[in-house]
Amino acid sequence: VRGGGHNVAGKAVRDGAITIDLGAMHGVRADPYRKRARAQGGVRLGALDRETMAVGMVVPSGTVTDTGVAGLTLGGGFGWLQRKYGLTIDALVSADVVTADGRFLVASKDQNPDLFWALRGGGGNFGVVTSFEYETHAAEDIVGGMALYPEDQLKDMLHFFRDFTSTAPNSVMTMAGSMIGPPGTPVEGQAAGYIAVCYSGNTAEGERLLAPIKAFGPPALDLIGPAPYSTIQTMFDAASPRGRQNYWRSNFMNELSDEVIDTVVARSQELPPTGSLFLLEHMGGAIRDVGPSDTAFSSRDANYNVSILGVWEDASKNDEYIAWTRMVGDELRKYATGGA
(Lines give C-alpha, C1' and ligand atoms only; values in the text may rest on other atoms or scores of the structure.)
Protein backbone atom coordinates (compact mmCIF):
# COMPACT_ATOMS: atom_id res chain seq x y z
CA VAL A 1 0.00 0.00 0.00
CA ARG A 2 1.49 3.32 -1.09
CA GLY A 3 0.57 6.42 0.89
CA GLY A 4 2.95 9.34 0.38
CA GLY A 5 5.63 7.14 -1.18
CA HIS A 6 8.39 8.56 1.02
CA ASN A 7 9.28 5.56 3.18
CA VAL A 8 12.94 4.58 2.75
CA ALA A 9 12.16 1.03 3.90
CA GLY A 10 10.50 0.47 0.52
CA LYS A 11 7.25 -0.81 2.01
CA ALA A 12 5.13 1.05 -0.55
CA VAL A 13 6.32 -1.04 -3.50
CA ARG A 14 7.24 -4.70 -3.79
CA ASP A 15 8.48 -6.56 -6.87
CA GLY A 16 5.85 -8.94 -8.27
CA ALA A 17 3.05 -7.55 -6.10
CA ILE A 18 0.02 -5.35 -6.66
CA THR A 19 0.34 -1.83 -5.29
CA ILE A 20 -2.71 -0.01 -3.94
CA ASP A 21 -1.78 3.63 -4.55
CA LEU A 22 -3.56 6.17 -2.34
CA GLY A 23 -1.79 9.10 -4.00
CA ALA A 24 -5.02 10.52 -5.45
CA MET A 25 -6.62 10.56 -1.97
CA HIS A 26 -5.12 13.84 -0.84
CA GLY A 27 -8.01 15.64 0.83
CA VAL A 28 -7.45 17.58 4.07
CA ARG A 29 -10.11 19.24 6.23
CA ALA A 30 -9.18 21.43 9.19
CA ASP A 31 -11.92 22.26 11.70
CA PRO A 32 -10.88 25.07 14.07
CA TYR A 33 -14.13 24.81 16.09
CA ARG A 34 -13.73 21.15 16.98
CA LYS A 35 -9.92 21.44 16.98
CA ARG A 36 -9.65 18.51 14.63
CA ALA A 37 -8.00 17.83 11.28
CA ARG A 38 -8.79 14.98 8.90
CA ALA A 39 -6.34 13.77 6.24
CA GLN A 40 -6.86 11.08 3.63
CA GLY A 41 -4.36 8.27 3.17
CA GLY A 42 -2.37 9.85 0.34
CA VAL A 43 -1.79 13.23 2.02
CA ARG A 44 1.75 14.52 2.56
CA LEU A 45 2.82 16.68 5.48
CA GLY A 46 3.11 19.87 3.45
CA ALA A 47 -0.59 19.75 2.61
CA LEU A 48 -1.57 18.95 6.20
CA ASP A 49 0.57 21.85 7.48
CA ARG A 50 -0.85 24.26 4.90
CA GLU A 51 -4.49 23.54 5.73
CA THR A 52 -4.11 23.46 9.52
CA MET A 53 -1.92 26.55 9.74
CA ALA A 54 -4.38 28.48 7.59
CA VAL A 55 -6.76 28.35 10.57
CA GLY A 56 -4.08 28.73 13.26
CA MET A 57 -3.61 25.07 14.16
CA VAL A 58 -0.87 22.44 13.96
CA VAL A 59 -0.70 18.65 14.10
CA PRO A 60 2.52 17.21 15.58
CA SER A 61 4.11 15.59 12.55
CA GLY A 62 7.43 14.95 10.83
CA THR A 63 10.35 17.04 9.60
CA VAL A 64 10.18 16.71 5.78
CA THR A 65 7.06 18.03 4.05
CA ASP A 66 7.23 15.36 1.32
CA THR A 67 6.60 12.64 3.91
CA GLY A 68 3.27 10.81 3.72
CA VAL A 69 1.08 11.22 6.79
CA ALA A 70 0.05 7.55 6.64
CA GLY A 71 3.48 5.95 7.00
CA LEU A 72 4.60 8.59 9.48
CA THR A 73 1.55 8.17 11.71
CA LEU A 74 1.35 4.38 11.65
CA GLY A 75 5.01 4.13 12.64
CA GLY A 76 4.77 6.60 15.53
CA GLY A 77 5.67 9.98 14.08
CA PHE A 78 8.73 11.95 15.22
CA GLY A 79 8.76 15.70 14.64
CA TRP A 80 9.57 19.19 15.86
CA LEU A 81 6.73 19.27 18.41
CA GLN A 82 7.20 15.78 19.86
CA ARG A 83 8.60 16.87 23.22
CA LYS A 84 5.77 19.37 23.76
CA TYR A 85 2.79 17.46 22.35
CA GLY A 86 3.98 13.88 21.86
CA LEU A 87 4.26 11.70 18.78
CA THR A 88 1.89 11.96 15.82
CA ILE A 89 0.06 8.85 17.05
CA ASP A 90 -0.64 10.65 20.31
CA ALA A 91 -2.72 13.19 18.37
CA LEU A 92 -4.62 10.49 16.46
CA VAL A 93 -8.32 10.42 17.40
CA SER A 94 -9.67 7.93 14.89
CA ALA A 95 -8.86 6.14 11.64
CA ASP A 96 -11.00 4.77 8.80
CA VAL A 97 -9.66 1.33 7.89
CA VAL A 98 -10.39 -1.14 5.11
CA THR A 99 -9.28 -4.60 6.20
CA ALA A 100 -7.88 -7.37 3.99
CA ASP A 101 -11.30 -9.08 3.87
CA GLY A 102 -12.96 -5.91 2.55
CA ARG A 103 -14.62 -4.63 5.73
CA PHE A 104 -14.78 -0.91 6.50
CA LEU A 105 -14.01 -0.15 10.15
CA VAL A 106 -13.62 2.93 12.29
CA ALA A 107 -10.84 2.59 14.85
CA SER A 108 -10.91 4.85 17.90
CA LYS A 109 -10.88 4.72 21.67
CA ASP A 110 -14.55 3.69 21.60
CA GLN A 111 -14.77 1.70 18.35
CA ASN A 112 -12.54 -1.28 17.66
CA PRO A 113 -10.10 -0.20 20.40
CA ASP A 114 -7.74 -3.14 19.85
CA LEU A 115 -7.26 -2.12 16.24
CA PHE A 116 -6.80 1.51 17.31
CA TRP A 117 -4.09 0.37 19.75
CA ALA A 118 -2.28 -1.55 17.00
CA LEU A 119 -2.45 1.25 14.40
CA ARG A 120 -0.64 3.61 16.76
CA GLY A 121 2.91 2.43 16.15
CA GLY A 122 2.32 -1.02 14.64
CA GLY A 123 2.95 0.13 11.07
CA GLY A 124 0.93 -0.74 7.98
CA ASN A 125 0.13 -4.29 9.01
CA PHE A 126 -3.56 -4.16 9.94
CA GLY A 127 -5.38 -2.78 6.91
CA VAL A 128 -5.49 0.20 4.57
CA VAL A 129 -6.09 3.44 6.45
CA THR A 130 -8.03 5.71 4.12
CA SER A 131 -8.48 8.61 6.54
CA PHE A 132 -6.84 9.88 9.74
CA GLU A 133 -8.48 12.22 12.26
CA TYR A 134 -6.15 14.21 14.51
CA GLU A 135 -6.49 16.44 17.54
CA THR A 136 -4.86 19.79 16.79
CA HIS A 137 -3.00 22.36 18.87
CA ALA A 138 -2.91 26.14 18.56
CA ALA A 139 -0.03 27.32 16.38
CA GLU A 140 2.44 29.25 18.52
CA ASP A 141 5.40 31.48 17.76
CA ILE A 142 8.51 29.56 16.74
CA VAL A 143 12.23 30.15 17.24
CA GLY A 144 14.37 27.65 15.41
CA GLY A 145 16.68 26.75 12.57
CA MET A 146 20.12 25.25 12.17
CA ALA A 147 23.70 26.02 13.15
CA LEU A 148 26.69 24.48 11.35
CA TYR A 149 30.09 23.81 12.91
CA PRO A 150 33.47 23.03 11.32
CA GLU A 151 34.88 19.52 11.43
CA ASP A 152 37.36 20.28 14.18
CA GLN A 153 34.49 21.30 16.51
CA LEU A 154 32.36 18.20 15.91
CA LYS A 155 33.31 16.28 19.05
CA ASP A 156 32.95 19.29 21.33
CA MET A 157 29.64 20.15 19.66
CA LEU A 158 28.21 16.69 20.39
CA HIS A 159 29.26 16.99 24.03
CA PHE A 160 27.58 20.40 24.13
CA PHE A 161 24.42 18.88 22.58
CA ARG A 162 24.37 16.21 25.29
CA ASP A 163 24.65 18.86 28.02
CA PHE A 164 22.10 21.18 26.40
CA THR A 165 19.47 18.48 25.98
CA SER A 166 19.91 17.25 29.56
CA THR A 167 18.24 20.43 30.84
CA ALA A 168 16.10 21.56 27.89
CA PRO A 169 12.39 22.10 28.66
CA ASN A 170 9.68 20.26 26.73
CA SER A 171 9.11 23.33 24.55
CA VAL A 172 12.52 22.73 22.91
CA MET A 173 13.15 19.92 20.42
CA THR A 174 16.77 19.52 19.32
CA MET A 175 18.60 17.34 16.81
CA ALA A 176 22.31 17.15 16.11
CA GLY A 177 24.82 15.14 14.16
CA SER A 178 27.22 15.32 11.27
CA MET A 179 27.01 15.57 7.50
CA ILE A 180 29.10 16.55 4.53
CA GLY A 181 29.00 20.34 4.56
CA PRO A 182 26.63 21.71 1.89
CA PRO A 183 28.00 23.64 -1.12
CA GLY A 184 28.23 27.37 -0.63
CA THR A 185 28.60 27.19 3.16
CA PRO A 186 31.73 27.81 5.26
CA VAL A 187 31.89 24.04 5.97
CA GLU A 188 31.55 22.87 2.35
CA GLY A 189 33.01 19.41 1.83
CA GLN A 190 33.84 18.85 5.54
CA ALA A 191 32.40 16.28 7.93
CA ALA A 192 30.60 19.19 9.52
CA GLY A 193 28.58 19.22 12.71
CA TYR A 194 25.07 20.63 12.93
CA ILE A 195 22.47 21.42 15.56
CA ALA A 196 18.87 21.87 14.43
CA VAL A 197 16.31 23.13 16.90
CA CYS A 198 12.69 24.22 17.28
CA TYR A 199 11.17 26.11 20.22
CA SER A 200 7.40 26.66 20.38
CA GLY A 201 6.02 29.41 22.62
CA ASN A 202 6.90 32.99 23.59
CA THR A 203 9.52 34.40 21.20
CA ALA A 204 11.58 36.20 23.84
CA GLU A 205 11.72 33.06 25.99
CA GLY A 206 12.70 31.01 22.97
CA GLU A 207 15.56 33.33 22.09
CA ARG A 208 16.76 33.12 25.69
CA LEU A 209 16.62 29.33 25.78
CA LEU A 210 18.40 28.91 22.43
CA ALA A 211 21.10 31.54 23.09
CA PRO A 212 23.62 28.89 24.30
CA ILE A 213 23.49 27.17 20.88
CA LYS A 214 24.19 30.44 19.11
CA ALA A 215 27.05 31.23 21.51
CA PHE A 216 28.76 27.84 21.47
CA GLY A 217 31.67 27.52 19.07
CA PRO A 218 30.70 29.98 17.69
CA PRO A 219 28.93 28.36 14.71
CA ALA A 220 30.46 28.71 11.26
CA LEU A 221 26.90 29.42 10.06
CA ASP A 222 24.01 30.45 12.33
CA LEU A 223 20.50 30.23 10.86
CA ILE A 224 18.59 30.12 14.17
CA GLY A 225 15.96 32.77 14.85
CA PRO A 226 12.23 33.53 14.86
CA ALA A 227 10.53 31.79 11.93
CA PRO A 228 7.11 30.49 10.89
CA TYR A 229 6.46 26.85 11.73
CA SER A 230 6.03 26.20 8.00
CA THR A 231 9.62 27.35 7.45
CA ILE A 232 10.99 25.04 10.14
CA GLN A 233 9.01 22.19 8.58
CA THR A 234 10.82 22.70 5.25
CA MET A 235 14.32 22.99 6.76
CA PHE A 236 15.36 19.48 5.63
CA ASP A 237 13.39 19.39 2.37
CA ALA A 238 16.25 20.37 0.06
CA ALA A 239 18.40 17.58 1.50
CA SER A 240 15.69 14.96 0.92
CA PRO A 241 14.92 14.86 -2.82
CA ARG A 242 13.26 11.84 -4.37
CA GLY A 243 15.23 9.37 -6.46
CA ARG A 244 18.32 8.81 -4.35
CA GLN A 245 19.44 5.49 -2.92
CA ASN A 246 18.67 5.19 0.81
CA TYR A 247 19.63 2.72 3.54
CA TRP A 248 19.13 3.74 7.16
CA ARG A 249 19.73 2.25 10.61
CA SER A 250 18.61 3.57 14.00
CA ASN A 251 18.91 2.74 17.67
CA PHE A 252 17.14 4.11 20.74
CA MET A 253 19.53 5.10 23.53
CA ASN A 254 19.15 6.18 27.12
CA GLU A 255 22.32 8.27 27.04
CA LEU A 256 24.90 9.64 24.65
CA SER A 257 27.99 8.11 26.18
CA ASP A 258 31.50 9.22 25.29
CA GLU A 259 31.79 5.99 23.31
CA VAL A 260 28.73 6.84 21.20
CA ILE A 261 30.06 10.32 20.51
CA ASP A 262 33.51 8.97 19.63
CA THR A 263 31.95 6.48 17.20
CA VAL A 264 29.93 9.19 15.47
CA VAL A 265 32.99 11.43 15.17
CA ALA A 266 35.22 8.67 13.80
CA ARG A 267 32.67 7.35 11.31
CA SER A 268 31.72 10.82 10.11
CA GLN A 269 34.88 10.80 8.01
CA GLU A 270 33.41 7.89 6.00
CA LEU A 271 29.88 9.16 5.32
CA PRO A 272 28.61 8.20 1.85
CA PRO A 273 28.33 11.29 -0.36
CA THR A 274 25.25 13.29 -1.33
CA GLY A 275 22.98 13.63 1.65
CA SER A 276 24.18 11.06 4.22
CA LEU A 277 24.24 12.10 7.85
CA PHE A 278 24.24 11.05 11.46
CA LEU A 279 21.03 12.15 13.18
CA LEU A 280 20.73 12.28 16.98
CA GLU A 281 17.17 13.17 18.01
CA HIS A 282 16.27 14.27 21.53
CA MET A 283 13.20 12.42 22.82
CA GLY A 284 11.57 12.46 26.27
CA GLY A 285 9.16 15.18 27.26
CA ALA A 286 5.54 14.55 26.29
CA ILE A 287 6.49 11.28 24.57
CA ARG A 288 6.69 9.78 28.07
CA ASP A 289 3.24 11.03 29.05
CA VAL A 290 1.78 7.96 27.32
CA GLY A 291 2.52 4.59 28.89
CA PRO A 292 4.77 2.08 27.10
CA SER A 293 1.89 -0.39 26.69
CA ASP A 294 -0.85 2.16 25.92
CA THR A 295 -0.04 2.05 22.19
CA ALA A 296 1.95 -0.26 19.94
CA PHE A 297 4.85 2.24 20.10
CA SER A 298 6.62 1.00 23.20
CA SER A 299 10.05 2.68 23.25
CA ARG A 300 8.91 5.81 25.06
CA ASP A 301 11.55 5.86 27.79
CA ALA A 302 14.53 6.36 25.48
CA ASN A 303 16.21 9.76 25.67
CA TYR A 304 17.65 9.71 22.15
CA ASN A 305 17.17 8.16 18.75
CA VAL A 306 20.54 7.74 17.03
CA SER A 307 20.34 7.12 13.29
CA ILE A 308 22.69 6.71 10.34
CA LEU A 309 21.02 7.93 7.17
CA GLY A 310 22.96 6.42 4.28
CA VAL A 311 22.06 8.36 1.12
CA TRP A 312 23.78 8.27 -2.28
CA GLU A 313 23.05 8.58 -5.99
CA ASP A 314 25.17 5.91 -7.71
CA ALA A 315 23.26 2.61 -7.60
CA SER A 316 26.44 0.72 -8.41
CA LYS A 317 27.59 1.62 -4.86
CA ASN A 318 24.59 -0.01 -3.19
CA ASP A 319 26.37 -3.04 -1.78
CA GLU A 320 29.27 -0.96 -0.46
CA TYR A 321 27.19 1.69 1.27
CA ILE A 322 24.56 -0.71 2.62
CA ALA A 323 27.33 -2.78 4.20
CA TRP A 324 28.87 0.37 5.71
CA THR A 325 25.56 1.53 7.18
CA ARG A 326 24.91 -1.90 8.67
CA MET A 327 28.40 -2.01 10.19
CA VAL A 328 28.04 1.38 11.86
CA GLY A 329 24.53 0.51 13.05
CA ASP A 330 25.92 -2.63 14.66
CA GLU A 331 28.70 -0.63 16.34
CA LEU A 332 26.17 1.74 17.88
CA ARG A 333 23.78 -1.03 18.89
CA LYS A 334 26.15 -2.00 21.69
CA TYR A 335 25.10 1.17 23.51
CA ALA A 336 21.38 1.00 22.67
CA THR A 337 18.22 -0.08 24.49
CA GLY A 338 17.54 -2.82 21.96
CA GLY A 339 14.65 -0.94 20.36
CA ALA A 340 14.65 0.86 17.02
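For the numbers below, each heavy atom of this structure counts, side chains included, while hydrogens, waters and symmetry mates do not. Quick caveat: nothing in here was measured; it's all calculated off a predicted structure.
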Between the side chain of [X] and the main-chain N/O of [Y], is any donor-acceptor distance below 3.5 Å?
{"X": "T295", "Y": "F297", "value": "yes"}
{"X": "K214", "Y": "I224", "value": "yes"}
{"X": "D294", "Y": "G291", "value": "yes"}
{"X": "Q190", "Y": "M179", "value": "no"}
{"X": "N112", "Y": "V106", "value": "yes"}
{"X": "Q40", "Y": "G27", "value": "yes"}
{"X": "T185", "Y": "G181", "value": "no"}
{"X": "W117", "Y": "S293", "value": "yes"}
{"X": "S108", "Y": "D110", "value": "yes"}
{"X": "S257", "Y": "V260", "value": "yes"}

Check the orientation of F78 and F252. Use parallel for under 30°, tilted for 30 to 60°, and perpendicular for over 60°. tilted
Just say parallel, tilted or perpendicular for the rings of Y149 and F216, cut-offs at 30° and 60°.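 The rings of Y149 and F216 sit tilted, inter-plane angle from 30° to 60°.
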Salt bridge [X]-[Y], side-chain N to carboxylate O under 4.0 Å:
{"X": "D96", "Y": "R38", "result": "yes"}
{"X": "R34", "Y": "E133", "result": "yes"}
{"X": "D31", "Y": "R36", "result": "no"}
{"X": "K84", "Y": "E140", "result": "yes"}
{"X": "D314", "Y": "K317", "result": "no"}
{"X": "D90", "Y": "R300", "result": "yes"}
{"X": "R83", "Y": "D289", "result": "no"}

Checking side-chain polar atoms at under 3.5 Å, does T165 have a donor or acceptor matched by the opposite partner on Y304?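 Result is yes, a qualifying pair exists.
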Compare all side-chain heavy atoms of [X] with those of [Y] and state whether any distance is below 4.5 angstrom.
{"X": "L81", "Y": "V58", "result": "yes"}
{"X": "V97", "Y": "L115", "result": "yes"}
{"X": "L280", "Y": "L256", "result": "yes"}
{"X": "F278", "Y": "S268", "result": "yes"}
{"X": "E135", "Y": "K35", "result": "no"}
{"X": "F161", "Y": "I261", "result": "no"}
{"X": "M173", "Y": "Y199", "result": "no"}
{"X": "L279", "Y": "Y194", "result": "yes"}

Checking S61 against Y134 for the side chain to side chain donor-acceptor pair (under 3.5 Å) test, could you report, in this order, the C-alpha distance in whole Å, the side-chain angles of both residues, the deciding distance, and whether it holds? CA-CA 11 Å; S61 60; Y134 302 99; over 6 Å; no
[X]-[Y] co-clustered via ILVMFWY side chain contacts under 4.5 Å:
{"X": "M57", "Y": "L48", "answer": "no"}
{"X": "L119", "Y": "V59", "answer": "yes"}
{"X": "I195", "Y": "L158", "answer": "yes"}
{"X": "Y247", "Y": "M327", "answer": "no"}
{"X": "V306", "Y": "L277", "answer": "no"}

Not counting sequence neighbours, list each pair that qualifies as a salt bridge (charged side-chain N to carboxylate O under 4.0 Å, His left out) and has a residue in residues 267-276. R267-E270, R267-E331
Would you check, one step at a time, whether the test side chain to side chain donor-acceptor pair (under 3.5 Å) holds for Q269 with E151? CA-CA 9 Å; Q269 310 296 323; E151 187 173 342; 3.0 Å; yes
Heavy-atom count around [X] [atom1] within 6.0 Å, excluding the residue itself: above 12?
{"X": "D101", "atom1": "CG", "value": "yes"}
{"X": "R14", "atom1": "CZ", "value": "no"}
{"X": "D319", "atom1": "CG", "value": "no"}

Pairwise distance OG(S250) to CG(N305) - rounded to 0.5 angstrom: 5.0 Å
Here's a test for you: under side chain to side chain donor-acceptor pair (under 3.5 Å), which of N246, N318, T274 qualifies with W312? N318
Residue pair D258, R162: steps toward the salt bridge (Lys or Arg N to Asp or Glu O under 4.0 Å) verdict: CA-CA 10 Å; D258 290 348; R162 180 175 66 187; 3.0 Å; yes
The single option from L45, T65, V64 passing side chain to side chain contact (heavy atoms under 4.5 Å, CB included) against H6: V64
May I ask you to check if R120 and F116 form a cation-pi contact, with NZ or CZ under 6.0 angstrom from the six-membered ring centre and within 45° of the axis? yes
